[in-house]
Amino acid sequence: MPFIPHTPTDIEQMLTGIGVPEMETLFEEIPQALRSPTLDLPPALSEMAVSRLMRERADGDANGLCFIGAGAYEHHIPAAVWEIASRGEFLTAYTPYQAEASQGTLRLLYEFQTMMAALTAMDAGNASLYDGASGLGEAVLMAARASGNPEGKILIPASVHPHYRSVVRTMTRDQDLEVVEIPFDPVTGRVQSKALNRFQGQKVAALVIPQPNFFGILEEVDTLTDWAKAEGAIVVALVNPLSLGLLKPPGEWGTHGGADIACGDGQPLGIPLSSGGPYFGFLCCKQPLLRQMPGRIVGRTEDPQGRTGYILTLQAREQHIRRAKATSNICTNQGLMTVAASIHLSLLGPEGVANTAATCHAKTRTLMEKLTAIPGVTRLFNGPFFHETALKLPKPAAPVLTQLARLGIQGGYPLGEGYPNLDKGLLVCATETKTDADLDFYADTLAWVLNVKEG
Amino acid sequence: MPFIPHTPTDIEQMLTGIGVPEMETLFEEIPQALRSPTLDLPPALSEMAVSRLMRERADGDANGLCFIGAGAYEHHIPAAVWEIASRGEFLTAYTPYQAEASQGTLRLLYEFQTMMAALTAMDAGNASLYDGASGLGEAVLMAARASGNPEGKILIPASVHPHYRSVVRTMTRDQDLEVVEIPFDPVTGRVQSKALNRFQGQKVAALVIPQPNFFGILEEVDTLTDWAKAEGAIVVALVNPLSLGLLKPPGEWGTHGGADIACGDGQPLGIPLSSGGPYFGFLCCKQPLLRQMPGRIVGRTEDPQGRTGYILTLQAREQHIRRAKATSNICTNQGLMTVAASIHLSLLGPEGVANTAATCHAKTRTLMEKLTAIPGVTRLFNGPFFHETALKLPKPAAPVLTQLARLGIQGGYPLGEGYPNLDKGLLVCATETKTDADLDFYADTLAWVLNVKEG
Amino acid sequence: MTDTLFDASRPGRRNGHHIPEPLAAPPDIPEHLRRAVPPLLPQVSELQVVRHFTRLSQLNFSVDTQFYPLGSCTMKYNPRSCQVLASLPGFLNRHPLASTESGQGVMRCLHELQEMLGEIAGMRAVSLVPMAGAQGEFAGVAMIRAYHRARGDDARRVMLVPDASHGTNPATAAMCGLTVQEIPTDSQGDVNLDALARAVGPQTAGLMLTNPSTLGVFERRIGRMAEIVHAAGGLLYYDGANLNAVAGRVRPGDMGFDAVHFNVHKTFATPHGGGGPGAGPVAVSERLAPYLPLPVVKKTSDDKGRDWFSWMSEADLPESIGRLSTFAGNIGVLLRAHIYLRLIGSEGLERVSGFATLNANYLMTRLIEAGFTVAFPDRRATHEFIVSLKPEAEAFGVSALDFAKRLLEFGFHAPTIYFPALVPECLLIEPTETETKETLDQFVEAMIAIRREAETNPQRLHTAPHAVPVPGAGVGRLDATRAARKPDLIWKESFNR
Amino acid sequence: MTDTLFDASRPGRRNGHHIPEPLAAPPDIPEHLRRAVPPLLPQVSELQVVRHFTRLSQLNFSVDTQFYPLGSCTMKYNPRSCQVLASLPGFLNRHPLASTESGQGVMRCLHELQEMLGEIAGMRAVSLVPMAGAQGEFAGVAMIRAYHRARGDDARRVMLVPDASHGTNPATAAMCGLTVQEIPTDSQGDVNLDALARAVGPQTAGLMLTNPSTLGVFERRIGRMAEIVHAAGGLLYYDGANLNAVAGRVRPGDMGFDAVHFNVHKTFATPHGGGGPGAGPVAVSERLAPYLPLPVVKKTSDDKGRDWFSWMSEADLPESIGRLSTFAGNIGVLLRAHIYLRLIGSEGLERVSGFATLNANYLMTRLIEAGFTVAFPDRRATHEFIVSLKPEAEAFGVSALDFAKRLLEFGFHAPTIYFPALVPECLLIEPTETETKETLDQFVEAMIAIRREAETNPQRLHTAPHAVPVPGAGVGRLDATRAARKPDLIWKESFNR
Ligand SMILES: Cc1ncc(COP(=O)(O)O)c(C=O)c1O
Ligand SMILES: Cc1ncc(COP(=O)(O)O)c(C=O)c1O
């Protein structure tokens with residue numbers, strides 16, 4: 001019996017031990033009327049048959065050369081990362097409730113928290129949230145609580161990923177929070193100062209600052225942070241963690257001690273694309289907000305002999321202790337992804353993170369130059385960017401992308417999907433994984449596709 | 001520096017500690033005249049670049065639907081096998097010289113020896129040899145030593161794998177052993193009794209009996225064993241270990257206590273095809289021959305407190321103790337492959353091995369029926385077979401196979417390669433991995449290929 | 001070995017082969033947006049990384065190495081084939097926004113999973129998006145609110161939960177802007193029906209229930225409860241954490257529930273990863289279907305009449321509560337659940353709940369025979385059951401925590417302790433169907449041995465664990481109070497100076 | 001945990017999902033050729049298998065978990081990328097006899113490796129076939145014999161080896177039908193040249209030499225030795241086990257050798273797998289090239305002028321010594337070596353030998369400072385060196401074995417002991433280039449601590465190890481004599497009864 005070790009003798013002895021004639025008796029408390037008929041599921045297959053089925057399906061899912069970013073990024077993941085992260089002792093452990101039997105996971109999480117705090121220049125970090133978008137939702141709820149201004153507005157720039165904004169809406173809808181979107185400057189692709197100034201003195205609870213924003217554009221984070229601080233608002237930084245090898249970390253934004261909360265998606269740190277997940281959300285904060293943080297936190301402590309050990313701590317924030325008053329309902333998080341990220345960051349080190357970020361930036365710059373050399377292709381915004389950039393095509397982007405896909409290129413994200421009036425907009429990304437030949441191949445293919453007469 | 005942890009400070013401190021000005025000084029004893037110029041090797045690539053290169057090369061190596069056997073067999077390998085076998089603690093340990101720090105590998109090898117002895121019905125087994133062919137070479141040398149008749153003839157049927165016979169020739173050439181090939185019956189594909197009778201009373205040291213033989217045909221092992229025993233010869237059984245789920249084990253052949261030595265290639269027990277290796281050779285024997293066995297052997301023992309432990313034993317047979325008088329020069333063997341085989345056999349269990357063997361047999365039978373239904377395709381031999389069978393095509397097999405390969409089918413082994421006068425012979429194999437649809441696809445494709453007019 | 005990797009870090013040590021060459025030109029990014037000081041990340045060699053994390057892994061208890069009867073968590077065997085097949089390059093390397101053509105394989109799997117989960121739940125429609133049980137609960141409660149709101153019935157702001165409910169239930173209700181009201185449990189472990197009847201009213205948004213309950217018994221009067229809640233205009237939410245007990249035998253939909261989440265990292269054997277990722281797909285009845293979180297896979301036909309799979313968007317499901325994740329949830333985890341279900345089929349699913357229940361009842365019987373007190377001796381155990389160590393606490397002054405810590409030294413992970421809080425000094429024990437009778441018997445021996453120690457040498461329990469049988473774990477019982485009083489949450493360079 | 005999986009086996013327990021259904025009809029095979037009684041294989045569940053072997057793995061010391069300074073074995077870091085990339089499905093699933101078209105990827109890699117190894121050896125031609133160092137030696141010596149035979153010079157039946165040579169050298173010579181004559185070593189660790197000159201003659205087939213030698217020093221007069229042997233009509237075989245010391249700096253071909261084997265599982269970082277598989281490719285000079293073992297990859301062009309790779313057969317190389325393996329050796333291992341070389345290039349190779357040598361010399365210096373006696377204090381260490389514990393043995397009655405066993409308790413794998421047999425109570429210590437200075441310093445501390453114990457409490461060493469810091473290894477020093485006296489080599493059902 002698949003995965004069930006009981007021999008006929010075992011079953012007999014166990015039933016006798018319990019004192020029931022057959023296994024069905026054990027279910028006698030379930031009212032007969034509720035018992036379901038045999039379910040209509042596909043028949044059980046052998047591991048061999050399932051393997052063949054899944055291999056066939058996976059083989060069909062070839063990606064081609066991928067220039068899509070838009071919240072998920074193709075990076076080289078050193079082979080050691082998943083070779084170690086998928087060891088059974090990491091993979092098949094539960095949340096480390098019994099500290100003494102979970103020192104592996106716990107010490108690792110302490111290191112993970114340290115690395116994320118270091119990247120973001122914050123004082124503390126949690127042990128992960130589900131993903132970037134839901135993490136932003138948690139950060140917004142945390143900011144609202146921490147602001148001491150629960151009726152205040154939460155300002156979110158429209159230059160935040162459309163899906164992230166959708167998730168924030170879902171997560172705040174039933175909370176009577178006022179979430180307001182701030183438009184971006186159609187020239188620079190950044191948050192307009194003017195747009196912000198409308199809210200001056202209007203009880204702003206929090207401002208979300210994406211860096212880079214969804215268009216890859218770099219926001220003027222210092223100015224925005226200072227503006228928010230002046231309004232007494234909590235600053236929630238939404239960042240790509242890999243970019244922090246190159247970009248100023250949230251903890252240092254502005255002139256008044258930086259952002260209060262930093263969050264984002266950890267996918268660029270060693271997590272495969274996997275059609276969208278599992279990834280992980282990270283959340284770091286400054287010391288004063290510590291007890292408002294959602295999610296698990298690991299702390300260092302000692303045993304009676306003074307030996308160092310690690311343990312889940314500050315649990316009074318959490319649902320299993322505080323129930324309806326918890327800082328979040330989160331329980332299971334994305335543990336294994338933090339294992340991979342910790343290994344990934346350890347292999348890269350400070351230099352590796354910096355050079356990878358710089359290389360991604362340079363590759364995208366080169367790609368931008370090659371693509372805008374095609375007649376009719378221009379930049380959509382003129383601000384500085386990190387490793388994504390928005391282009392304007394001479395025609396709607398979506399059908400062009402379909403054609404590119406057939407030619408083996410996943411060409412980017414059609415901005416029209418998230419911004420209906422930007423339907424000729426194309427968001428492209430080139431990470432360190434792309435060679436110059438790849439960039440040329442993209443440029444040549446795009447030129448060809450744009451040139452083909454419609455028929 | 002790839003894989004080298006030394007910081008500039010480390011280097012400085014270490015050189016100072018040693019008392020040399022620079023690393024080159026450490027090589028001062030190497031005569032200048034011998035120092036080589038910078039080697040002409042391909043430039044170092046990043047892990048990312050090598051990954052891409054290797055992925056491209058591996059992607060090109062798709063196999064198609066494989067009906068080749070001829071010494072290497074496609075089987076379903078449960079996912080757990082290599083997930084566990086490739087754990088770092090198995091992968092990166094050395095030969096278990098320090099028993100107390102290697103109990104994992106040692107206990108496993110003890111279990112492996114037990115499983116191989118159980119499959120073959122022998123009294124003991126070693127911890128692996130390189131592969132099936134070189135293992136047969138070792139078995140022949142062992143038999144020659146053990147026969148007490150070093151001038152005696154070693155009889156090897158021509159129905160043994162041509163490559164195996166080539167290896168035996170290589171390994172015995174410088175030993176002045178007389179290795180004699182015995183022809184097979186052109187009708188049954190088996191060893192001819194007549195051919196054997198020629199050697200009656202002629203100081204035969206050993207007889208090799210393949211089961212199944214290279215053509216997949218089952219030899220009359222009882223008769224052959226009894227003949228050899230009557231001649232006072234050592235019987236060396238060459239077997240496919242998976243077949244022993246279905247076939248009589250060597251230890252039970254004949255009426256006088258079975259074969260003396262059983263050897264073969266362990267590849268069918270969870271080892272990937274890998275273009276030919278690494279596989280592993282196994283070698284088992286009856287008690288009296290134990291001290292003639294080549295290779296590592298693990299034994300059970302105790303510590304001073306009477307706790308069970310495992311240790312390399314009977315080392316007085318081995319090169320590091322006995323040097324020129326050792327039973328073999330083998331040192332490193334195929335350790336990790338025995339880890340995989342042990343896990344594989346544990347997952348299958350006695351029933352799994354039996355059913356897999358029976359299924360392979362049945363699939364090949366069905367394939368044989370479907371292929372011989374094609375006009376002009378017949379069986380080459382009429383003996384009973386295990387999971388391979390030799391067919392005769394209406395034209396030479398090699399070019400037919402080339403065409404099949406282009407259509408996505410690796411159709412088998414062209415017997416003309418090993419037996420020039422069988423150039424229309426095709427050796428096919430269908431394991432449990434083949435569905436009925438696969439068999440039909442092969443039959444339809446072969447019919448089509450054979451029908452196409454040459455032009 | 002208690003050092004962190006930061007302690008092993010040395011300036012200038014690096015893994016050249018992973019680091020792109022530094023660029024010749026500085027990046028085209030204004031100075032004031034750039035980082036000045038490199039982040040404090042470890043500077044170590046690849047061997048150091050591999051050795052460090054390999055050794056860390058060995059400090060963990062896990063299903064792959066120990067019996068792990070953690071109640072409510074279903075720590076059963078996670079088939080390696082699910083892990084390996086869900087990690088095929090075609091699945092791992094696909095970008096979430098890649099063309100729909102390039103995603104037919106993964107979407108076909110997800111669609112099959114939707115169908116299978118709907119069948120298992122006895123529900124109409126499924127969204128796979130939620131990334132854990134708690135997010136599934138959020139989706140469910142948000143849908144219930146959306147339903148009431150759409151009917152102009154938005155005054156329903158109270159969520160009922162049994163007092164023994166899991167913490168995520170009330171926390172979720174609060175995240176959905178609801179007030180929580182707890183319903184007491186009766187002496188047999190069932191919800192007090194009278195109290196429930198008194199609690200419902202026009203303010204009732206719904207009831208959240210785990211069945212079998214967190215007390216390890218099946219809520220027998222679920223039919224009646226559903227009637228009471230529905231009659232009052234509320235909806236019923238099924239917390240699927242305990243589905244391993246009844247999967248394939250009784251369906252939440254048939255019990256009268258309107259929404260359910262699955263913990264695939266429990267029932268469907270996806271590994272727990274030391275804390276995740278899991279997945280918490282939701283299934284709902286007809287009336288909640290319009291509100292499902294996005295995206296959901298839909299199946300249509302292409303121009304050649306072949307199946308065509310694609311994501312539903314807002315246009316397809318305009319009343320959806322919206323998105324819960326950036327893309328479509330924990331797809332890799334969902335693939336594992338899909339593979340598991342394809343491996344076991346409906347018969348296998350019935351066997352799962354059958355043997356999970358057999359193991360729990362056998363273990364309970366043996367512990368009762370050994371003199372332990374179980375919370376509900378007159379009830380059948382489901383897939384788990386509760387031992388109360390109150391008698392031992394009173395007689396010998398030892399606690400459930402003491403037992404738990406001592407069990408670690410016997411090489412067993414401890415059961416869940418102090419949950420549900422209703423039962424004093426409780427151990428919630430869930431052996432799962434994948435463990436052998438021999439292992440259960442050994443666990444009973446250990447429990448007996450520990451109780452004998454409690455009698456003769458209680459101090460031995462108070463100070464446990466002394467030496468967890470894991471190499472170099474080398475810690476005794478850790479001080480949780482100290483950890484919380486002065487939180488030390490990140491490594492600081494000063495530690496090393 | 002000292003049970004075998006056989007102890008856990010129970011009749012009727014099985015993994016349904018791996019077992020094809022039994023066939024309806026009995027197989028079409030005569031009864032007398034069929035098996036009557038099923039083999040004694042464990043009957044256990046998949047979880048039991050996974051848990052058993054996972055826990056077994058944890059009982060091992062390995063490079064991934066411990067410092068492993070096992071002299072002559074080059075236990076350095078095995079890059080995970082080599083492991084992962086050599087295991088790509090395209091490589092793993094290809095049948096050895098599949099069409100040549102379908103093998104262009106793997107054969108291109110192998111051809112590149114042939115070229116790289118030829119360059120590193122300073123030799124003309126390479127065969128990758130030998131499956132370990134010892135088989136490489138066999139190939140080399142068989143080629144030397146074939147060479148003499150082809151010249152009608154087959155009376156050359158004596159192989160010379162230094163007295164410190166590795167056991168495989170004389171054993172190989174014997175397997176090739178040769179007699180072995182040992183040449184003594186002088187006090188500086190070099191071969192005694194006079195003795196060599198006296199030993200050579202018309203009976204000399206050749207000389208087998210490791211350089212740097214097994215004594216951890218570089219044989220400085222190798223040029224002169226080559227002259228002596230060649231002048232007498234013999235050929236020189238280079239045992240490449242110690243190549244990590246000089247790779248990229250000095251080439252066997254330039255030293256005058258005619259044949260060489262590589263241990264890719266040493267120099268080229270392929271993992272040792274607890275005993276293999278490794279690979280022992282051979283490189284040879286012009287005159288031995290015709291005798292290379294088959295098959296060898298050749299590169300030609302296809303009709304479009306593109307590279308075309310294929311296997312050479314007997315027709316291409318009629319004088320070959322023949323095959324050594326069923327197909328083409330340990331291809332998967334060779335791929336790892338290929339990937340490693342592509343990762344490090346020639347600069348990297350020079351760094352390997354440079355830092356391997358730096359680490360060894362540093363460790364030797366520190367141990368000398370700590371008062372230990374090294375075998376050749378006046379010589380530079382190569383990548384390894386020898387400590388003789390004779391002084392400690394005489395003073396405190398402790399042995400090299402005692403030191404080795406006690407080191408295990410400090411979490412270090414022991415160095416090689418009692419090899420080469422020339423040096424009494426010796427430890428052959430090879431730290432490799434991938435270890436940090438900190439680790440070397442810790443090893444020195446451990447050695448000092450153990451010597452202090454030897455002075456004060458030698459009994460502690462005699463009984464070591466007491467508790468190897470590995471979970472549940474739970475064995476003390478094992479009795480080798482008992483094991484050999486009454487060999488217990490397979491588990492028997494009677495154990496369980
Ligand atoms: C009864 C119950 N409900 C809900 C949850 C929450 O599920 P998750 O951890 O997947 O968010 C759990 C998990 O521990 C549980 O046991
Ligand atoms: C000096 C020397 N020569 C030869 C060998 C044999 O190599 P292998 O074990 O690969 O057969 C070894 C391996 O231990 C060795 O150290």
Side-chain angles (χ1 to χ4, degrees), chain A residues 5 10 14 39 41 44 47 54 57-58 60-61 68 84 87-89 91-93 95 99 101 103-105 114 117-118 124 130 133 166-167 170 174 272 274-278 299-301 303 308-309 311 313 319-320 323-324 326 329 331-336 346 349-350 352 355 359 405 410, chain C residues 2 19-20 38-41 43 49 53 56-57 59-64 81 85 88 90 92 94-96 98-99 105 131-132 134 167 170-172 174 176-177 180 251 271 273-278 322-323 326-328 330-332 345-346 362 365 436-437 475-476 478 483 488-491:
Chain A
D10 290 338
M14 293 171 84
L39 300 187
L41 300 178
E47 185 186 303
M54 297 304 287
R57 292 188 183 177
D61 284 6
I68 319 176
I84 308 299
R87 284 172 59 84
E89 302 94 320
L91 196 64
T92 71
T95 301
Q103 286 296 296
T105 290
T114 304
Y130 303 131
S166 170
V167 173
T170 307
D174 294 329
S274 300
S275 284
R300 185 153 91 150
T301 187
D303 75 359
T308 296
I311 194 166
T313 191
Q319 44 75 26
H320 63 288
R323 300 178 67 86
N329 70 342
C331 178
T332 294
N333 54 31
Q334 305 281 112
L336 193 69
S346 305
N355 291 3
T359 305
Q410 303 288 345
Chain C
T2 52
I19 302 184
L40 174 80
L41 295 174
Q43 301 186 58
V49 173
F53 289 103
L56 278 191
S57 79
L59 305 185
N60 272 359
F61 277 35
S62 65
V63 174
D64 276 10
S81 52
L85 296 173
L88 290 169
L92 281 191
R94 184 178 175 272
H95 193 284
S99 67
M131 290 175 283
T172 298
C176 290
V180 174
R251 311 194 295 176
R323 292 183 170 272
T326 313
F327 298 107
N330 286 338
I331 290 186
S346 63
Y362 174 74
T365 304
T436 61
K437 173 174 176 295
V475 288
L478 291 168
D488 166 2
L489 310 179
I490 62 175
W491 187 92

Legend entry - Polar side-chain atom of Asp488(C) near backbone of Arg300(A) as donor-acceptor pair, under 3.5 Å: no
Inset, instruction - For Leu85(C) and Glu47(A), run side-chain contact (heavy atoms from CB on, under 4.5 Å): C-alpha distance rounded to whole Å, both residues' side-chain angles, the deciding distance at 0.1 Å, then the answer. - result: CA-CA 10 Å; Leu85(C) 296 173; Glu47(A) 185 186 303; 5.5 Å; no
Inset, instruction - Please tell me if the side chains of Pro350(A) and Leu40(C) come closer than 4.5 Å, counting only heavy atoms from C-beta onward. - result: no
Legend entry - Top contributor to chain C interface from Ala124(A), Gly60(A), Ala133(A) [non-hydrogen pairs under 4.5 Å]: Ala133(A)
Legend entry - Under 3.5 Å: donor-acceptor pair, side chain of Thr92(A), backbone of Pro271(C): no
Legend entry - Selection from Gly299(A), Ala93(A), Gly276(A), Gly88(A) maximising heavy-atom pairs under 4.5 Å formed with chain C: Ala93(A)
Legend entry - With sequence neighbours excluded, residues passing side-chain contact (heavy atoms from CB on, under 4.5 Å) with Thr359(A): Lys363(A), Glu432(A), Pro20(C), Leu23(C)
Legend entry - Ser57(C) OG to Leu91(A) CG distance, which is reported to the nearest 0.5 Å: 11.0 Å
Legend entry - Exercise: identify the closest heavy-atom pair between Ala326(A) and Ala171(C): CB-CB, 4.4 Å
Inset, instruction - Specify which of Ile311(A), Leu41(A), Ile84(A) makes the most heavy-atom pairs with chain C at under 4.5 Å. - result: Leu41(A)
Inset, instruction - Could you tell me whether the side chain of Arg323(A) reaches within less than 4.5 Å of the side chain of Val180(C), counting heavy atoms only? - result: no
Inset, instruction - Indicate yes or no for a side-chain donor-acceptor contact from Gln410(A) to the backbone of Ser99(C) under 3.5 Å, with no hydrogens or angles considered. - result: yes
Legend entry - Point-to-point distance, once rounded to the nearest 0.5 Å, from OG1 of Thr313(A) to CG of Leu478(C): 11.5 Å
Inset, instruction - Determine the minimum heavy-atom distance between Ala134(C) and Cys331(A), stating which atoms define it. - result: CB-N, 4.3 Å
Inset, instruction - Answer with side chain, backbone, both or neither: which region of Ser62(C) has an atom nearer than 4.5 Å to a non-hydrogen atom of chain A? - result: both
Legend entry - With sequence neighbours excluded, residues passing side chain to side chain donor-acceptor pair (under 3.5 Å) with Asn355(A): none
Inset, instruction - Evaluate the side-chain contact (heavy atoms from CB on, under 4.5 Å) criterion for residues Gln334(A) and Asn330(C): first the C-alpha distance (whole Å), next the side-chain angles of each, then the deciding distance (0.1 Å), finally the verdict. - result: CA-CA 9 Å; Gln334(A) 305 281 112; Asn330(C) 286 338; 3.0 Å; yes
Legend entry - Donor-acceptor pair, side chain of Asp174(A) and main chain of Gly177(C), under 3.5 angstrom: no
Inset, instruction - Say whether Arg323(C) and Thr170(A), considering side chains only, have a donor N or O and an acceptor N or O under 3.5 Å apart. - result: no
